[in-house]
K.L.:
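Take this structure, written in structure tokens, and hold onto it; I'll ask about it next.
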Amino acid sequence: MARPVFGAAPPAVYGIVSGDCLIDTTGLRHQFTPAPAPLATRILLDNLDQGLRPLADRPALVTLGRLAAARSLQVYLVGGSVRELALGREAKDLDLAVSAQTLELARDLADALGGTYVLLDEAERTARVVWHEEVLDLAEFRAPTLAGDLAGRDFTLNALAVDLNAVLGQGSPGLIDPLGGLPDLARGQLRMVAAENFHQDPLRLLRAYRFAATHGFQVTPETTAAIRRTAPEFSRVAAERVHQELFLLLAAPSAAPVLGAMEAVGLLGQVFPELDDMKGVEQNGYHHLDVYGHSLAAVACLEEVLAAPAAYFGEMAAEVAGYALQPPKTALLKLAALFHDVGKSQVQGRRSDPERYTFYFHEKVGLEIFSRVASRLRCSLAEIKTVSALIAMHMRPFLLLPAFRERELSFRALGRLVRAARPELPGLFALAMADSLAGQGPQKPADCEAVLADLADAALQFLKERLEPQERHPRLVNGHDLIRLGLTPGPRFQQLLTAVEEAQWEGLIQTREGALEMVRRLL
């Protein structure tokens, strides 16, 4: 079967070009090598050609092509699928544009494959077909022609298409690129198709910065200007859609500069209006920035910590690295960094002896504020639980530092922190390290990060050597023992059981008889 050829044989390393530099997409960090623009475009075409080859044999696409021909419909591989293939990446989920009868075609396809039909939006005529590991998203033309449909998309590098017949080797090969998306992709340039398209769907404002974070694209000046003008309309976007784009953005390794770019155009305040109250709120000598600047800096420092945990931690480094690999922990950590001090604006006070600001219970107020944010964004209960725990406990490692520095920290105090923080213990110390790094005021101890790292190792050691081994064995006393001692089940039960557990941490009791004697003394 004939196959479309978009370029010469693909090179060993696929990449994209940003400005005049080739970005190696095979590594964890961008590595720049000079590459002339024609070479960059050829690499994209080579990548696309290689990426399309396996698609010709996909049963779902072959069946779709047959069904579309029976209905005399035009079908094109479009948007993100074409973009990702040109970047040398896998396009597991395929985006397809259909000239008409999209929902009917999708139902036919699901029936023919024995797959699942999912109606995404009846008004927009979009549906999804899931069959085994394949996911096909079908969307009807938003205009009478393909050219009109592409003209209604967000960015030029997403306005690319390939005829399905060409993919299947049944038609003339060729990349359909009426808006110059391929040269923009070669330059790593995110250029809007039309400002009016932002008004039609303001989520595209956030998508611009999501692509900047996930792909390293540079937003063009005219696109930035249009985003600034359209930012006040962002409130029209459904919360579920914001959640999806936002978490993709925050999960990217370098989201912090992108958040700064969003702030510069007024978009960050539209996504998180609660953050505005932190602006201009001064802090004490541990800090060199106001609360707002400190919070943005904490996100940046957190990204540095997550990129190289061993540069900041000892034994805890491996735990932090493993924690960050669990989706969506990285995004949740950055949310916690962004909101950990959001309550300070409402509780700021002033003392005269010594003269300083106070922020009593700011974490409690911050929890209340974040709960409203999470509700608006339709966060899951698991997501809310993780971020809430990190915000609630973010001060606790610092409260233990003075005693730990003087070697006066008790096992009981350390154990209470470890037990309360699980399973977010590595995340809590990653957040604390970022919080410390983001504060560089003159009153901050020079060894703050070093002592914090030692405390993290002590907490991990306590978890591995005391708490977890103890939990693998039955309690020395339990609720039945307390009932036999004449107690009625209630809050006092947990207080007594916890007291025994903590005494066991400290080595004060080791046997059941000792535990029962302790309970009798407490009673």
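Heavy atoms only: backbone and side chains are in, while hydrogens, waters and symmetry mates are out.
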K.L.:
Please report the interatomic distance SG(Cys379) to CZ(Phe370), rounded to the nearest 0.5 Å.
P.N.:
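Here the interatomic distance stands at 5.0 Å.
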
K.L.:
Look at Arg405 together with Asp447 and state whether they make a salt bridge at an N to O cut-off of under 4.0 Å.
P.N.:
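Between Asp447 and Arg405 there is a salt bridge, with a charged N closer than 4.0 Å to a carboxylate O.
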
K.L.:
Mark yes or no for whether Ser371, through its side chain, and Glu368, through its backbone, hold a donor-acceptor pair below 3.5 Å.
P.N.:
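A pair under 3.5 Å: yes.
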
K.L.:
Ignoring hydrogens and angles, state whether a donor on the side chain of Ser295 or Asp341 is under 3.5 Å from an acceptor on the partner side chain.
P.N.:
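Looking only at side-chain atoms, Asp341 and Ser295 do not form any donor-acceptor pair under 3.5 Å.
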
K.L.:
Whether Glu84 and Lys92 form a salt bridge (side-chain N of Lys/Arg under 4.0 Å from carboxylate O of Asp/Glu) is what I want to check.
P.N.:
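The answer is no: the pair does not qualify as a salt bridge.
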
K.L.:
Heavy atoms, side chains only, cut-off 4.5 Å: are Phe272 and Leu246 in contact?
P.N.:
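A side-chain contact exists here, since the closest heavy-atom pair is under 4.5 Å.
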
K.L.:
Consider only side-chain N and O atoms of Glu245 and Tyr209, and report whether a donor and an acceptor are under 3.5 Å apart.
P.N.:
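No, because no side-chain N or O of Glu245 sits under 3.5 Å from a partner of the opposite role on Tyr209.
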
K.L.:
Between Thr220 and Gln189, does any side-chain donor sit less than 3.5 Å from a side-chain acceptor?
P.N.:
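Thr220 vs Gln189: no donor-acceptor pair found between side chains.
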
K.L.:
Can you confirm whether more than 12 heavy atoms, excluding those of Leu399, are under 6.0 Å from its CG atom?
P.N.:
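It does: Leu399 CG has more than 12 such atoms within range.
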
K.L.:
Salt-bridge test for Arg412 and Glu501: reply yes if a basic N is under 4.0 Å from a carboxylate O, no otherwise.
P.N.:
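Answer for the salt bridge query: no.
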
K.L.:
Would you say that His288 contacts His294 through its side chain, given a criterion of any heavy-atom pair below 4.5 Å between the two side chains?
P.N.:
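Not in contact.
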
K.L.:
Looking at side-chain heavy atoms only, is the closest gap between Leu428 and Leu417 below 4.5 Å?
P.N.:
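In contact.
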
K.L.:
List the residues meeting side chain to side chain donor-acceptor pair (under 3.5 Å) with Gln270, not counting sequence neighbours, and say none if there are none.
P.N.:
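With neighbours one apart ignored, the set is empty.
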
K.L.:
Under the 3.5 angstrom rule, does the side chain of His362 hit a backbone N or O of Phe359 as a donor-acceptor pair?
P.N.:
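Yes, the answer is positive, given that a donor and an acceptor are paired below the 3.5 Å cut-off.
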
K.L.:
Any donor-acceptor pair under 3.5 Å linking the side-chain atoms of His394 with those of Asp435?
P.N.:
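Side chains of Asp435 and His394: no pair found under 3.5 Å.
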
K.L.:
Is Leu185 close to Leu87 at the side-chain level, that is, under 4.5 Å between some pair of heavy atoms?
P.N.:
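In contact.
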
K.L.:
Going by atom types only, do Glu383 and His243 share a side-chain donor-acceptor pair under 3.5 Å?
P.N.:
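A pair is found: one side chain offers a donor N or O, the other an acceptor, under 3.5 Å apart.
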
K.L.:
What pairs meet the salt bridge (Lys or Arg N to Asp or Glu O under 4.0 Å) rule with one or both residues in residues 387-402, with sequence neighbours excluded?
P.N.:
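As it turns out, there is no salt bridge (Lys or Arg N to Asp or Glu O under 4.0 Å) pair with a partner in residues 387-402 once direct neighbours are skipped.
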
K.L.:
Is a donor on one side and an acceptor on the other found under 3.5 Å between the side chain of Thr498 and the backbone of Gln494?
P.N.:
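Side chain of Thr498 to backbone of Gln494: a pair is present.
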
K.L.:
Assess the residue pair Leu390 and His340 against the criterion (side-chain contact (heavy atoms from CB on, under 4.5 Å)); give the C-alpha distance rounded to whole Å, side-chain angles, the decisive distance to 0.1 Å, and a yes or no.
P.N.:
CA-CA 8 Å; Leu390 292 170; His340 74 286; over 6 Å; no

K.L.:
With a 4.5 Å heavy-atom cut-off, do Gln283 and Lys344 have their side chains touching?
P.N.:
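Contact flag for Gln283/Lys344 side chains = yes.
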
K.L.:
For Phe411, does the CZ atom have more than 12 heavy-atom neighbours from other residues, nucleotides or ligands under 6.0 Å away?
P.N.:
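No, because the 6.0 Å sphere around CZ of Phe411 holds 12 heavy atoms or fewer from other groups.
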
K.L.:
Can you confirm whether Val291 sits close enough to Ser345 that some side-chain heavy atom of one is under 4.5 Å from a side-chain heavy atom of the other?
P.N.:
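Side-chain contact under 4.5 Å: no.
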
K.L.:
Run Leu401 and Leu455 through side-chain contact (heavy atoms from CB on, under 4.5 Å) and show every step you take.
P.N.:
CA-CA 7 Å; Leu401 282 185; Leu455 176 62; 3.8 Å; yes

K.L.:
Within the distance-only criterion (no hydrogens, no angle test), does the side chain of Lys444 pair as donor or acceptor with the backbone N or O of Gly439 below 3.5 angstrom?
P.N.:
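At least one qualifying donor-acceptor pair exists.
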
K.L.:
Indicate yes or no for a side-chain donor-acceptor contact from Arg407 to the backbone of Phe404 under 3.5 Å, with no hydrogens or angles considered.
P.N.:
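Answer holds: no.
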
K.L.:
Do Lys385 and Glu424 sit within salt-bridge range, that is, some charged N less than 4.0 Å from a carboxylate O?
P.N.:
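No, Lys385 and Glu424 are not salt-bridged.
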
K.L.:
Check this for me, if you would: do Arg207 and Asp154 make a salt bridge, where the nitrogen-to-carboxylate-oxygen distance has to be below 4.0 angstrom?
P.N.:
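A salt bridge is present here (some side-chain N lies under 4.0 Å from a carboxylate O).
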
K.L.:
Mind telling me whether Phe211 and Phe217 have parallel, tilted or perpendicular rings, with 30° and 60° as the class edges?
P.N.:
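Aromatic pair Phe217/Phe211 classed tilted.
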
K.L.:
Heavy-atom distance under 4.5 Å between the side chains of Val281 and Gln346, does that happen here?
P.N.:
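With C-beta onward as the side chain, the pair stays apart.
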
K.L.:
Taking atom CD of Gln504 and atom CD of Gln470, what is their separation to the nearest 0.5 Å?
P.N.:
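Answer rounded to 0.5 Å: 3.5 Å.
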
K.L.:
Would you check if Glu303 and Lys334 make a side-chain contact, meaning some heavy-atom pair closer than 4.5 Å?
P.N.:
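The answer is yes, as the side chains (C-beta and beyond) meet within the 4.5 Å cut-off.
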
K.L.:
Do Thr330 side-chain atoms and Ala251 backbone N/O form a donor-acceptor pair below 3.5 Å?
P.N.:
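Looks like no, no N/O pair under 3.5 Å.
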
K.L.:
Taking salt bridge (charged side-chain N to carboxylate O under 4.0 Å, His left out) as the definition, give me every residue that meets it alongside Arg512, ordered by chain and number, with sequence neighbours left out.
P.N.:
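With sequence neighbours excluded, Arg512 shows a salt bridge (charged side-chain N to carboxylate O under 4.0 Å, His left out) to Asp481, given in chain and number order.
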
K.L.:
Without hydrogens or angle criteria, can the side chains of Tyr357 and Glu282 be said to hold a donor-acceptor pair below 3.5 Å?
P.N.:
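Yes - a donor-acceptor pair under 3.5 Å links their side chains.
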
